[in-house]
Amino acid sequence: MRAQLLDGRTTSKTMLDSVAVGAAEFLRTRGRAPVLATILVGDDPASHTYVRMKVNRCKQVGITSRRIDLTESTSTGDLVRVITELSSDPDVDGILLQHPVPPGVDERAAFEAINPAKDVDGVTRASFAAMAFSADGFSSATPGGIIALLDAYEIPLAGSRAVVVGRSAILGKPVGMLLLERDATVTFCHSKTGDLENHIREADIVVAAAGVPDLIKGDWIKLGAVVVDAGYVDNRGDVEFESAAARSAWITPVPGGVGPMTIATLLAQTLAAAEKRTIVK
Ligand code: NAP
């Protein structure tokens with residue numbers, strides 16, 4: 001392997017240490033810890049694992065989590081009601097609805113019930129628009145975490161050719177917008193893109209966010225490129241790791257790259273939301 005690792009575990013630990021300092025100061029000055037409400041709907045084992053990891057991290061850094069688990073048969077109306085209550089609850093600073101929700105629930109309607117001031121996972125249309133217009137607001141947590149990881153390793157973005165594989169509203173599109181904001185020239189690829197290989201061959205920065213294991217072959221990677229693999233299915237990423245690491249300059253491991261940065265960004269934004277919403281006593 002010639003690539004150096006973009007190590008999300010180490011970088012996220014630095015971020016979380018700083019969140020812990022901020023959360024302790026928040027407790028001292030406001031008389032309570034920041035509060036993150038997590039909502040999990042249904043029985044998806046991976047979603048249970050993600051929520052458990054987020055709740056554990058909250059505990060480690062001094063953020064109180066309020067965990068709400070709802071059954072698979074929860075209706076859109078009931079979910080929206082729960083989120084609307086949390087949105088107006090003065091004791092809740094941030095709200096995370098674990099994605100995906102069961103089929104039959106209107107995920108967009110549920111996301112839109114989140115008060116943008118508490119949208120610490122960056123999933124509402126208001127947060128999306130804030131990212132697009134470079135306005136005040138919260139980043140989608142995974143895209144924000146990816147940019148923070150690239151910044152931690154001082155990867156130059158301005159003027160680079162970035163190819164994002166995936167165009168979901170919570171990952172592909174917003175990470176492309178954030179790269180554009182940093183003056184990269186951005187191409188989006190998706191399931192209807194006919195010549196994925198040729199796009200990847202031209203890319204200085206590849207952000208893989210498709211959820212298709214080994215979709216991107218290592219020998220497509222341009223020599224010296226930067227590879228960020230956000231894909232995560234059964235412990236596997238979207239990029240063939242060994243062969244891509246032999247050609248790239250920097251690469252994220254899977255796991256241990258993007259995942260830990262997502263959680264750290266979520267908690268940093270929870271602290272920021274709490275600080276914005278409250279006054280020092
Ligand atoms: P999603 O909503 O299913 O979107 C997947 C995207 O990939 C779609 O835009 C789809 O194109 C595109 N795609 C699918 N097959 C493709 C192919 N063969 N060639 C090119 N593009 C293809 O998924 P998501 O929520 O964005 O998540 C994507 C991946 O990131 C998943 O593996 C997920 O587990 C992972 N993820 C990781 C984290 C983390 O913290 N590490 C957080 C969130 C998500 P169309 O639009 O044309 O369908």
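Numbering of ligands and ligand atoms starts at 1, following listing order. Note that the coordinates shown come from a computational prediction; the quantities given were computed from them, not determined experimentally. The basis for the numbers below is simple: all heavy atoms, side chains too, and nothing from hydrogens, waters or symmetry mates.
At a heavy-atom distance under 4.0 Å, atoms from both the backbone and the side chain of A210 approach ligand 1. Using a 4.0 Å cut-off between heavy atoms, L215 contacts ligand 1 through its side chain alone, with no backbone atom that close. Counting heavy atoms under 4.0 Å from ligand 1, residue V165 touches it through the side chain alone.
Distances from ligand 1 to the non-hydrogen atoms of M261 include no value under 4.0 Å. Residue contacts with ligand 1 leave out G172, since none of its heavy atoms falls under 4.0 Å from the ligand.
When the options P143, G145, S191 are ranked by their closest heavy atom to atom 22 (C) of ligand 1, first place goes to S191. By heavy-atom distance, the residue among P255, S168, G166 lying nearest atom 23 (O) of ligand 1 is S168.
For atom 3 (O) of ligand 1, no protein heavy-atom neighbour is present inside the 4.0 Å cut-off.
The backbone N or O of G122 sits less than 3.5 Å from a side-chain atom of S140, completing a donor-acceptor pair.
In this structure, the protein non-hydrogen atom closest to atom 40 (O) of ligand 1 is T262 OG1, 2.8 Å.
When the options R66, K276, R30, R277 are evaluated for a salt bridge (Lys or Arg N to Asp or Glu O under 4.0 Å) with D93, the one that passes is R277.
A salt bridge links R201 to E197: at least one charged side-chain nitrogen sits closer than 4.0 Å to a carboxylate oxygen.
Shown here is R57, whose CZ atom has no more than 12 heavy atoms of other residues, nucleotides or ligands within 6.0 Å.
Between Y232 and P255, the shortest heavy-atom distance links the atoms CE1-CB, 4.0 Å.
E202 is linked by a salt bridge (Lys or Arg N to Asp or Glu O under 4.0 Å) to R161, counting only residues two or more places apart in sequence or in another chain.
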